[in-house]
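Encoded as structure tokens, the structure appears first; notes follow it.
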2 protein chains.
Amino acid sequence: MRHTDIQKRFESFLKERELKLTNPRRLIFERAFATHEHFSAEELYAALKDEPGEKVSRASVYRTLALLLEGGFLEALDTGGSELKYEHVLGHEHHDHMLCLDCGRIEEFHDERIEALQEENCKKRGFELVSHDLRLRGYCKACAKKRAKSASVD
Amino acid sequence: MRHTDIQKRFESFLKERELKLTNPRRLIFERAFATHEHFSAEELYAALKDEPGEKVSRASVYRTLALLLEGGFLEALDTGGSELKYEHVLGHEHHDHMLCLDCGRIEEFHDERIEALQEENCKKRGFELVSHDLRLRGYCKACAKKRAKSASVD
DNA sequence: TTATTTGCAAACCTTTTGCAAGTGA
DNA sequence: TCACTTGCAAAAGGTTTGCAAATAA
């Protein structure tokens, strides 16, 4: 799906729910899809603040992010820090995360076999699976190397 | 491991770190291990408040819970609600969770094959795995049944 | 026109912290 | 004794909300 397609989808989504396409919503939406990085509400707010042009309030950022989450335009990720991170779904098939405990790097991965086993476990218990998230915490390649080096010095 | 063993371990843990075995710590520890349910800091605080005997402050609850987490006596679980849930490790081998979106029920499950695949994915990327958590969200058997019934009425 | 949205600031909620008084070892 | 702990209340930090003014449809 392309960027213009998702924009149209956002417009339809608003129309369906009889919500207005306002300037703050447009700006927040654009900003959320302008990067493939994970971002927090506060980061998005700061980014919009720094940009020239019309300012958007913190409240609108939070409200619109919640809206985008409901509409399935964004997904939320709790990385263990205090704030929630968001990522847009455009060009991001479903995936899980590896979180580096050292540098905070977020890697994405996907394994169909794991998904299948999840479904199998749910079936076994009559649990109706809606969504899942798998977070692997540890050290990314670079940080693992750094740690190995400093450990040998100690 | 039995209850008395874990108590002794807690005492050793404190001694190692030159921490004192105080009354608030003892009470919080006992309370945390008195149930096999998941509980929040606030719930534990409320439970201690209701009990006859010496009261413990909210601050001590939070401080001691953090300590127990560090010592590996408790594990934390973010169920998606606003507060963190804790569970003790006694008699709870490592497991993952199914969270009911309707009634909030928490089911535990474990599948060695999933664990192995996680490790495989990490190896592939040079990611050094420390811990993980897998949360499956959906509807527990009872709630799924309820939902199916009300859907057919609609 | 008018129901929806916005921005602001205050409120919320969970958790953390500074500090003076209390207490295990 | 005295370093570690506690309780209190205030602060923090992210997020939510009430309300009057602004705005899309």
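Letters go in sequence order (proteins before strands), and every chain restarts at 1.
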Original post:
A:F33 vs A:H3 aromatic rings, parallel, tilted or perpendicular, using cut-offs 30° and 60°?
Top reply: perpendicular

**OP:** Between C:dT14, D:dT23, D:dC8, spot the one nearest the side chain of B:S82, thanks.
**Re:** C:dT14

Original post:
Is there a donor and acceptor pair, one atom on the side chain of B:R25 and one on the base of C:dG24, closer than 3.5 Å?
Top reply: no

Subject >> A:S60 side chain, from C-beta outward: closest of D:dT15, C:dT15, C:dT6 >> reply: C:dT6

**OP:** Compare side-chain N and O positions of B:Y62 against OP1 and OP2 of C:dT16 and report whether any pair is under 4.0 Å apart.
**Re:** no

Original post:
Between B:T22 and D:dT6, does any side-chain N or O lie under 4.0 Å from OP1 or OP2?
Top reply: yes

**OP:** Give the rounded distance in Å between these two atoms: CG of B:L14 and P of D:dT6.
**Re:** 10 Å

Subject >> B:D133 side, atom CG; A:L136 side, atom CG - distance, nearest 0.5 Å >> reply: 9.0 Å

Subject >> Between P of C:dG24 and CD of B:E18, the distance in whole Å >> reply: 18 Å

**OP:** In whole angstrom, give the distance that lies between atom CG of B:L77 and atom C1' of C:dT14.
**Re:** 16 Å

Original post:
From D:dG7, C:dC8, C:dT15, pick the nucleotide closest to the side chain of B:S57?
Top reply: D:dG7

Original post:
Does A:R58 get its side chain close enough to the base of D:dG14, under 3.5 Å, for a donor-acceptor pair?
Top reply: no

Subject >> Out of D:dG18, D:dC4, C:dG18, whichever nucleotide has its closest atom nearest the side chain of B:R63 >> reply: C:dG18

**OP:** Map B:A59 and A:V56 onto DNA chain C by nearest heavy atom, then report which one ends up closer to the 5' terminus.
**Re:** A:V56

Subject >> A:H110 (side chain) donor-acceptor with A:E115 (main chain) under 3.5 angstrom >> reply: no

Subject >> Distance, rounded to the nearest Å, where B:L84 contributes CG and D:dG14 contributes P >> reply: 16 Å

Subject >> Interatomic distance, B:L27 CG vs D:dT5 P [rounded to whole Å] >> reply: 16 Å

**OP:** Ignoring the backbone of A:L21, work out which of D:dA25, D:dG7, C:dC8 is nearest its side chain.
**Re:** D:dA25

**OP:** Between B:S40 and A:R17, just flag the one whose closest nucleotide in DNA chain C comes earlier from the 5' side.
**Re:** A:R17

Original post:
Whole Å only: how far is the CG atom of A:L44 from the C1' atom of D:dG14?
Top reply: 15 Å

**OP:** Whole angstrom is fine here: how far is it from OH in A:Y45 over to C1' in D:dT15?
**Re:** 14 Å

Subject >> Distance under 6.0 Å and angle within 45° of ring axis: B:R125 vs A:F109 >> reply: no

**OP:** Assess the side chains of A:H95 and A:E107: does a donor N or O sit below 3.5 Å from an acceptor N or O?
**Re:** no

Original post:
Atom CG of A:L67 to atom P of C:dT4: distance rounded to whole Å?
Top reply: 14 Å

